[in-house]
Amino acid sequence: MTTPDGFGRGTGVTGMGRPPLDTGSSTGPGSGLVPGPVPLPAALAHAAGGPRYWLPQQPDQAARAARADPATPPSAPPGGFDVEAVRRDFPQLHRKVNGHPLVWLDNGATTLKPRQVAEAVAEHYSMGTSNVHRGAHTLAKQATQVYEEGREEAAKLLGTQDAGEIVFVRGTTEAVNLVAQSWGRANLGVGDEILVSAAEHHSNLVPWQLIAKERRARIRPIPLLPDGQLDQDAYRDLLGSRTKLVALTHASNVLGTVPPVAEMTALAHRYGAKVLVDGAQAVSHFPVDVTALDADFYAFSGHKIFAPTGIGVLFGKRELLEAMPPWQGGGNMIDSVGFEETSYAPVPHRLEAGTGHIGGVAGLRAALRYLAGLNRPAATAYEEQLTAYATGALATVPGLRLIGDAPGKIGVLTFLLAGTDPMALAGALDQQGIAVRAGHHCAQPALAAFGLQSAVRASLALYNTVQDIDALVSAIQGVQATSAG
Ligand code: PMP
């Protein structure tokens with residue numbers, strides 16, 4: 001439900017006891033920003049001095065709000081989302097880089113970690129070290145408890161009741177490879193088709209190419225529309241009896257697009273195809289429910305959701321996981337082993353050969369509990385407002401071209417600045433303490449659809465602020481002034 005001012009009720013964003021700021025900074029003609037008194041939500045306007053740009057009108061606000069599920073759960077903390085309180089938990093946000101306060105806008109590559117995660121990992125290695133599952137001693141039991149609670153937290157995050165549907169992997173890349181090598185090898189045959197959207201990260205494309213080559217199956221791209229949405233007409237035309245799998249991002253790391261995954265999955269299921277959703281960029285930005293999506297597989301990386309590197313999650317529907325052959329053999333995944341015959345442990349362990357990343361799971365458990373302790377709908381609404389603010393602010397820079405403006409996109413702002421090499425621009429911003437990424441972002445087909453090989457990307461997280469965006473925009477303007485002068 002949205003309020004007359006369009007900012008949503010019950011998210012806590014408008015309910016922080018502060019009137020909206022009326023900072024009244026003027027906007028030039030053609031700036032793309034709203035010149036009138038469109039109030040910024042209080043959550044964005046927390047800082048002394050206020051923001052320099054108005055928030056643009058958002059015609060798609062209702063759709064965004066619906067996705068964010070603005071109905072505040074009864075257990076949500078009062079006061080909505082307090083970005084300053086969250087920032088206090090992230091020590092790295094308080095360091096300087098090249099003499100400037102760090103502005104971390106490289107969240108698409110990895111998010112920073114709250115101190116609670118660092119503490120959980122330190123606790124594991126300093127006091128809790130043990131292997132899991134097999135030991136009879138106290139520390140093994142404690143480590144196993146942490147490990148299995150991590151699995152339960154991941155199940156809760158993704159909206160499944162069954163923690164047995166959660167397989168620990170190294171990250172999204174390994175999750176996709178697992179499905180391709182296990183499910184793919186068992187289920188793909190000559191002439192079968194795998195639909196892969198043109199917005200995919202290479203890690204949701206190359207594993208499919210590898211198995212397609214082996215099984216003599218075929219990859220078929222789902223094309224993009226000019227704003228970065230997936231072309232749904234083309235998708236419907238591509239689907240057919242040969243379609244065995246659809247590989248879909250839940251949020252593009254280069255365009256920010258959030259495809260209609262539930263609808264696309266329902267269509268794929270009509271043809272008997274399975275759907276693997278790459279949630280690497282989605283899970284930290286908005287609540288996910290694999291049951292509502294009816295996704296067959298869903299993957300994410302811990303390090304993009306405030307947890308350590310080297311740990312990630314593959315969700316798979318139980319009946320699919322149970323039918324999948326092991327993809328790696330070793331300890332932990334067996335029931336009994338003989339030279340003649342070996343039988344395997346039940347899922348998820350059957351797909352988790354060897355010692356897992358126990359310290360990583362301790363960190364993941366802490367990260368997911370941290371996130372669960374926030375008012376997530378309010379955090380999502382805050383990020384959406386900040387994304388709209390950043391989009392408007394960047395639009396004021398002459399010669400700056402934003403790539404991808406699909407309705408409801410996440411805070412991924414990929415752009416080019418006329419006359420400036422993306423890598424050189426990222427280097428110049430780094431001199432101001434601003435971390436952005438430049439290059440192909442491991443999504444070459446997505447950039448190619450826009451005729452590009454490289455671009456700059458600023459990617460937001462829930463701890464970013466209006467001040468971060470203002471710093472980015474001023475630094476870009478500074479680079480422009482220097483190169484013009
Ligand atoms: N998918 C998407 C959308 C991503 O953004 C990334 C990381 N940039 C990946 C997959 C791969 O994640 P990882 O390297 O953690 O396996």
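Note that the structure is predicted; figures quoted are calculated from it, not measured. Indexing begins at 1, ligand by ligand and atom by atom, following the structure's order.
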Is there a donor in the side chain of [X] and an acceptor in the side chain of [Y], or the other way round, less than 3.5 Å apart?
X: Glu383; Y: Thr380; answer: no
X: Glu148; Y: His133; answer: yes
X: Asp470; Y: Tyr389; answer: yes
X: His201; Y: Asp278; answer: no

Over 60° means perpendicular and under 30° means parallel, so tell me whether Phe90 and Phe306 are parallel, tilted or perpendicular.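 Because their plane-to-plane angle is over 60°, the rings of Phe90 and Phe306 count as perpendicular.
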When you measure from the heavy atoms of [X] to every atom of ligand 1, does any distance fall below 4.0 Å?
X: Glu200; answer: no
X: Ser203; answer: yes
X: Lys304; answer: yes

Nearest non-hydrogen atom to atom 2 (C) of ligand 1 belongs to which of Asn253, Val412, Asp278?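 Going through Asn253, Val412, Asp278 one by one, Asp278 has the nearest heavy atom to atom 2 (C) of ligand 1.
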For ligand 1, which is the ligand I care about here, please tell me if Thr249 has any N or O atom under 3.5 Å from one of the ligand's N or O atoms.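 So ligand 1 has no N or O lying under 3.5 Å from an N or O of Thr249.
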To which protein heavy atom is atom 16 (O) of ligand 1 closest, and what is the distance rounded to 0.1 Å?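 Among all protein heavy atoms, the one nearest atom 16 (O) of ligand 1 is Thr173 OG1, 2.6 Å.
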Closest non-hydrogen protein atom to atom 4 (C) of ligand 1, residue and atom name please, with distance? His201 CD2, 3.3 Å
Side chain, backbone, both or neither: which part of Glu174 has a heavy atom under 4.0 Å from ligand 1?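 Neither; no heavy atom under 4.0 Å.
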Only one of Arg216, Lys244, Arg215 clears salt bridge (Lys or Arg N to Asp or Glu O under 4.0 Å) with Asp192; which?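 The passing option is Lys244.
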Would you please indicate if the ring centroids of Phe300 and His250 are separated by under 6.0 Å?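 They do not qualify: ring centres at least 6.0 Å apart.
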Which atoms of ligand 1 sit under 4.0 Å from any heavy atom of Ser301?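 The list of qualifying atoms is 12 (O), 13 (P), 15 (O), 16 (O).
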By number and element, which atoms of ligand 1 are closer than 4.0 Å to a non-hydrogen atom of Gln281? 3 (C), 4 (C), 5 (O)
